[in-house]
Amino acid sequence: MLEEIKKTAAFIRSQIGDFKPEAGIILGTGLGGFADRIEAEYTIDYKDIPGFPVSTVQGHAGRMIFGKVEGRSVVAMQGRFHFYEGYAMKQVTLPVRVMGLLGIRYLFVSNASGGINTSFRVGDLMIITDHINLMPNPLIGPNIEELGPRFPDMHNCYDKELIAEATRIAEQEGIKLQYGVYVGGTGPTFETQAEYRYFKAIGGDAAGMSTVPEVIVARHMSIPVFGVSVITNCGLSDEVGDHEDVQLQGRKAGVRMEKLFCEMIKKLK
Ligand code: HPA
C-alpha cells in the first residue's frame with residue numbers, strides 16, 4: 001500500500017517540477033469558488049493520476065490544482081472521494097496521503113453539514129473544533145509505520161493555533177463564526193429526527209458525510225489540520241428549508257469562507 005501511495009506521489013512530482021506545496025486544501029461544498037483564487041501553475045485531472053479512483057458518480061471531473069494563493073504555494077483538491085460513493089477508505093484518503101508525501105505542512109478542509117446545535121442558522125460557518133467518527137476508521141489494517149504510529153493521538157486534532165488565528169481574522173474581517181463538533185456518518189441518507197437528537201446527545205453540533213477520514217490520516221502523518229463547515233440545513237428544525245434560500249446562503253457563506261482561508265494561508269508560519 002505504501003508503494004502505491006509513493007508511486008502516485010512520484011507521478012505527481014514528475015508533473016510539477018520543483019513546485020513544493022506548503023498547504024493542501026480540500027475544496028468541499030462552499031469552497032468551490034476558491035479555485036478561482038489560485039494562480040494555477042499545474043493542473044492534473046484525477047483521471048490522469050495513477051492510483052486515483054475514477055469518479056463515476058459526478059459528471060464533472062475532479063482535479064488537483066498546484067499554484068499560488070497570497071504568494072504561498074498550495075495544492076487544492078477540487079472534488080473529494082466520499083465513502084458513500086462506494087470507495088474503500090484507502091481510496092477516500094489516498095489524496096491526503098499523497099499530499100503528505102508531497103510535503104504539505106498544513107491541511108485545510110471544508111464541507112457542508114447539517115446543524116444540530118439549535119443556535120446555528122443556515123449559512124453559518126462552523127469552525128470544526130473536534131469530531132466524532134461514526135464511519136469505519138481509515139487506519140484499520142496493518143499500520144504503515146513510515147507514515148505514522150499504530151495508535152495516533154487525537155488530541156488537538158483540529159489545530160488550536162490555527163483556530164485562534166481564524167478567530168482573529170474573523171474579528172478583523174467582521175465574519176461571524178460558530179464553533180463545534182462535527183459528527184461524521186457514512187451517509188448517503190440524511191439523518192432521521194431521532195438520529196439528529198442522538199448526534200446532539202453524544203455531543204455533536206453538526207452532521208456530515210465527509211472530512212473525518214481525511215483528517216484522521218492527516219493526523220496520523222502529524223499534519224496540522226484546520227476545518228470549516230457550512231451549515232446548509234438545521235437538522236432539528238421542523239421547518240423544511242426553502243431550497244433557493246439554502247443555496248443563496250451557501251453561496252454567501254462560500255464567499256466568507258474563501259476570505260477566511262485566503263487570510264489564513266497568507267499568515268501561515
Ligand atoms: N446530514 C449529513 N450531511 C449533511 C447534512 C445533514 O443534515 N447537510 C449537509 N450535509
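All values below come from the heavy atoms of this structure, side chains included, with hydrogens, waters and symmetry mates left out. Just so you know, ligand 1 is whichever comes first in the structure, and atom 1 is the first atom listed for that ligand. Note that the coordinates shown come from a computational prediction; the quantities given were computed from them, not determined experimentally.
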For residues 19-27, please give each side-chain donor-acceptor pair under 3.5 Å, one per line with the distance, not counting sequence neighbours.
from	atom 1	to	atom 2	distance (Å)
E22	OE1	R72	NE	3.4
E22	OE1	R72	NH2	2.9
E22	OE1	R105	NH2	3.1
E22	OE2	R72	NE	3.1
E22	OE2	S73	N	3.3

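For atom 8 (N) of ligand 1, the closest non-hydrogen atom of the protein is N233 OD1, 2.7 Å. Nearest to atom 4 (C) of ligand 1 among the protein's heavy atoms is A207 O, 3.5 Å. Here the heavy atom of the protein found nearest to atom 1 (N) of ligand 1 is E191 OE1, 2.7 Å. Nearest protein heavy-atom neighbour of atom 7 (O) of ligand 1: Y196 OH, 2.6 Å.
To the nearest 0.5 Å, atom CD1 of residue I5 and atom CG of residue L101 are 6.5 Å apart.
Between Y84 and H82, the ring-plane angle classifies as parallel under the 30° and 60° cut-offs.
Using a 4.0 Å heavy-atom cutoff, G235 is absent from the residues neighbouring ligand 1.
Less than 4.0 angstrom separates some heavy atom of M209 from each of these atoms of ligand 1: 2 (C), 3 (N). For ligand 1 and T232, the ligand atoms under 4.0 Å from any heavy atom of the residue are 8 (N), 9 (C). Set against the non-hydrogen atoms of A112, the atoms of ligand 1 under 4.0 Å away are 9 (C), 10 (N).
Backbone and side-chain nitrogen or oxygen atoms of F190 are examined, and none is located within less than 3.5 angstrom of a nitrogen or oxygen of ligand 1.
Neither the backbone nor the side chain of N111 has a heavy atom within less than 4.0 Å of ligand 1.
Counting heavy atoms from C-beta outward, I38 and K68 have side chains that stay 4.5 Å or more apart.
With sequence neighbours excluded, the residues forming a side chain to side chain donor-acceptor pair (under 3.5 Å) with R37 are E258, listed by chain and number.
Counting heavy atoms of neighbouring residues, nucleotides and ligands inside a 6.0 Å radius, atom NZ of K252 does not exceed 12 of them.
Judged by distance alone, the side chain of Q172 and the main-chain N or O of I169 form no donor-acceptor pair under 3.5 Å.
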